[in-house]
There are 2 protein chains.
Amino acid sequence: MSEECCPEVPSCCDMRGMLSFYILWLLSKRPMNGQEISEELRKRRGAKPTAGTIYPALKELRTKGLVEMERKGRTTIYSLSEDGSKGLEKACEYFCSAFGDIFQEYRKAT
Amino acid sequence: MSEECCPEVPSCCDMRGMLSFYILWLLSKRPMNGQEISEELRKRRGAKPTAGTIYPALKELRTKGLVEMERKGRTTIYSLSEDGSKGLEKACEYFCSAFGDIFQEYRKAT
DNA sequence: GGTTTAATATTGGACATCCAATACATTTAT
DNA sequence: ATAAATGTATTGGATGTCCAATATTAAACC
């Protein structure tokens with residue numbers, strides 16, 4: 001379907017991390033199933049996470065009570081819980097505080 | 001010494017990752033020793049990485065040829081190599097492309 | 001019904017990142 | 001000279017994130 005442009009993953013240093021955070025952020029936009037989440041991540045981070053990446057992460061978020069799920073036939077719709085929503089807010093604050101300078105610099109440069 | 005304010009690490013989701021990337025970015029500002037790098041990370045990410053975190057990361061960056069070091073008495077000064085500089089550029093591009101939306105949203109909200 | 005397809009899910013192995021604990025070298029203080 | 005302080009470094013164990021491989025389930029197709 002969509003062949004939308006996506007960033008090239010750099011070879012120089014490891015860019016893993018923040019997956020659960022990113023999933024929470026995506027779910028704050030709208031409830032999604034696993035494949036939709038994976039596709040969003042592909043568009044944004046340049047590589048589509050496989051099933052072995054995405055479902056364990058979702059399971060952990062559910063265990064922590066941050067995400068709720070509802071099975072609908074073949075698919076499972078994941079959505080933010082109230083705790084997930086509150087947690088995301090704190091996490092966004094932290095993320096932008098921790099990495100803000102790097103973004104600022106990029107904005108100036110372009 | 002400096003008790004500068006630093007962000008509170010959220011409990012909701014894991015915020016590890018991007019350490020090597022962040023180190024490269026810091027070293028692009030100026031050469032530093034391990035303790036200075038750790039202190040910069042504390043101010044920005046809210047927790048000071050211990051020796052077991054920082055030195056293996058620096059060692060790996062050196063193995064990859066991205067970082068150079070020079071021993072000076074008690075301290076070791078680390079600096080970006082040419083490859084490190086080029087790699088960082090790509091990595092910054094990727095990082096901002098991958099996480100830009102989250103940051104944009106934060107800017108609007110505040 | 002029987003096959004294919006799409007989505008979900010688990011397992012096992014690899015690796016980066018994290019800490020606590022330990023060790024060592026060099027400078028500084030006594 | 002000895003002790004304390006500072007900076008560097010390694011080890012071992014935990015955890016999150018990553019993929020390939022495999023399995024399961026439900027819908028769609030013939």
Side-chain angles (χ1 to χ4, degrees), chain A residues 1 9-24 26 31-42 44-64 66-78 87 91 94-95 98-99, chain B residues 1 9-24 26 31-42 44-64 66-78 87 91 94-95 98-99:
Chain A
M1 204 81 45
V9 183
S11 56
C12 110
C13 49
D14 192 271
M15 285 294 179
R16 286 181 296 184
M18 313 285 171
L19 176 67
S20 297
F21 168 60
Y22 216 133
I23 291 175
L24 290 181
L26 286 172
M32 298 183 203
N33 66 31
Q35 284 310 303
E36 287 173 318
I37 294 170
S38 291
E39 184 55 29
E40 283 295 325
L41 288 169
R42 184 197 64 77
R44 294 158 185 279
R45 302 195 314 172
K48 182 170 179 172
T50 63
T53 299
I54 205 76
Y55 293 110
L58 285 165
K59 189 182 184 182
E60 179 63 20
L61 287 172
R62 204 171 149 264
T63 300
K64 287 182 184 165
L66 302 169
V67 153
E68 287 157 359
M69 61 181 253
E70 186 185 0
R71 188 84 197 228
K72 283 233 172 126
R74 186 158 49 176
T75 80
T76 304
I77 306 295
Y78 295 90
Y94 171 81
F95 179 78
F99 291 100
Chain B
M1 205 79 45
V9 183
S11 56
C12 108
C13 48
D14 192 90
M15 284 295 179
R16 284 181 298 181
M18 314 285 171
L19 176 67
S20 297
F21 168 60
Y22 216 133
I23 291 175
L24 290 182
L26 287 173
M32 298 183 205
N33 66 29
Q35 285 310 303
E36 287 173 320
I37 295 171
S38 290
E39 184 55 29
E40 282 296 324
L41 289 169
R42 185 197 64 75
R44 295 158 184 280
R45 303 193 316 173
K48 182 170 178 171
T50 62
T53 298
I54 206 77
Y55 293 110
L58 286 166
K59 188 182 184 182
E60 179 63 20
L61 287 172
R62 203 169 150 266
T63 300
K64 288 181 182 164
L66 302 169
V67 153
E68 288 157 359
M69 62 181 250
E70 186 185 0
R71 189 85 198 229
K72 284 233 172 126
R74 186 158 51 178
T75 79
T76 305
I77 306 295
Y78 295 90
Y94 171 81
F95 181 77
F99 291 100

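Chain letters run A, B, ... following the sequence lines, proteins first and then strands; every chain starts at 1. No experiment lies behind these values; they were computed from the predicted model shown.
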Letter per nucleotide, 5' to 3', of nucleotides 14-22 of chain D [B base touched, S only sugar-phosphate touched, - untouched; heavy atoms, 4.0 Å]: -BSBBBB--
To the nearest angstrom, the CD1-P distance between B/I77 and D/dT6 comes to 17 Å
Round to the nearest Å and state the distance from B/I37 atom CD1 to D/dG7 atom C1'. 12 Å
Atom CG in B/L66, atom OH in B/Y78: separation rounded to 0.5 Å? 14.0 Å
Write down the distance between CE (A/M69) and P (C/dA7), rounded to a whole number of angstrom. 16 Å
Would you name the heavy atoms of B/I77 and B/P31 that are closest together and state the gap between them? CG2-CB, 3.7 Å
For the student: nearest non-hydrogen atoms of B/R44 and B/L26, plus distance: NE-CD2, 3.7 Å
Measure the NZ-CD distance between A/K48 and A/Q35 for me, rounded to the nearest 0.5 Å. 4.5 Å
For residues B/C12 and A/L24, determine if any side-chain heavy atom of one lies less than 4.5 Å from a side-chain heavy atom of the other. yes
To the nearest Å, give me how far apart CG (B/N33) and P (D/dA9) are. 10 Å
Look up atom CD1 in B/I23 and atom CE in B/M18, then write down how far apart they are to the nearest 0.5 Å. 13.5 Å
Range-with-range stems of DNA chain D (Watson-Crick or G-U pairs under 3.5 Å, three or more in a row): C:1-30 with D:1-30
Every protein N/O lying under 3.5 Å from an N/O of nucleotides 23-27 of chain D:
none

Between P of C/dT11 and CD1 of A/I54, the distance in whole Å: 18 Å
Protein-nucleotide distance (A/Q35, atom CD; C/dT5, atom C1'), rounded to Å: 12 Å
A/E36 side-chain N/O to A/N33 backbone N/O, donor-acceptor pair under 3.5 Å: yes
Nearest-0.5 Å distance, NZ of residue A/K64 to CG of residue B/D14: 7.0 Å
Rounded interatomic separation in angstrom, taking CG from B/L24 and P from C/dA16: 14 Å
Quickly work out the B/L58 CG to C/dT17 C1' distance and round it to whole Å. 13 Å
Would you mind classifying the nucleic acid contact of B/Y78 as base, sugar-phosphate or nothing, using non-hydrogen atoms under 4.0 angstrom? sugar-phosphate
Donor-acceptor check, side chain of A/Y22 to backbone of B/A98, threshold 3.5 angstrom: yes or no? yes
With rounding to the nearest 0.5 angstrom, report the CG to CE distance, A/L61 to A/M69. 12.5 Å
Working note: B/F21 + B/Y94, criterion ring-ring contact (aromatic ring centres under 6.0 Å, His included); need CA distance, chi angles, decisive distance, verdict. CA-CA 11 Å; B/F21 168 60; B/Y94 171 81; 8.7 Å; no
Would you say a side-chain N or O of A/K59 is under 4.0 Å from OP1 or OP2 of C/dA9? no
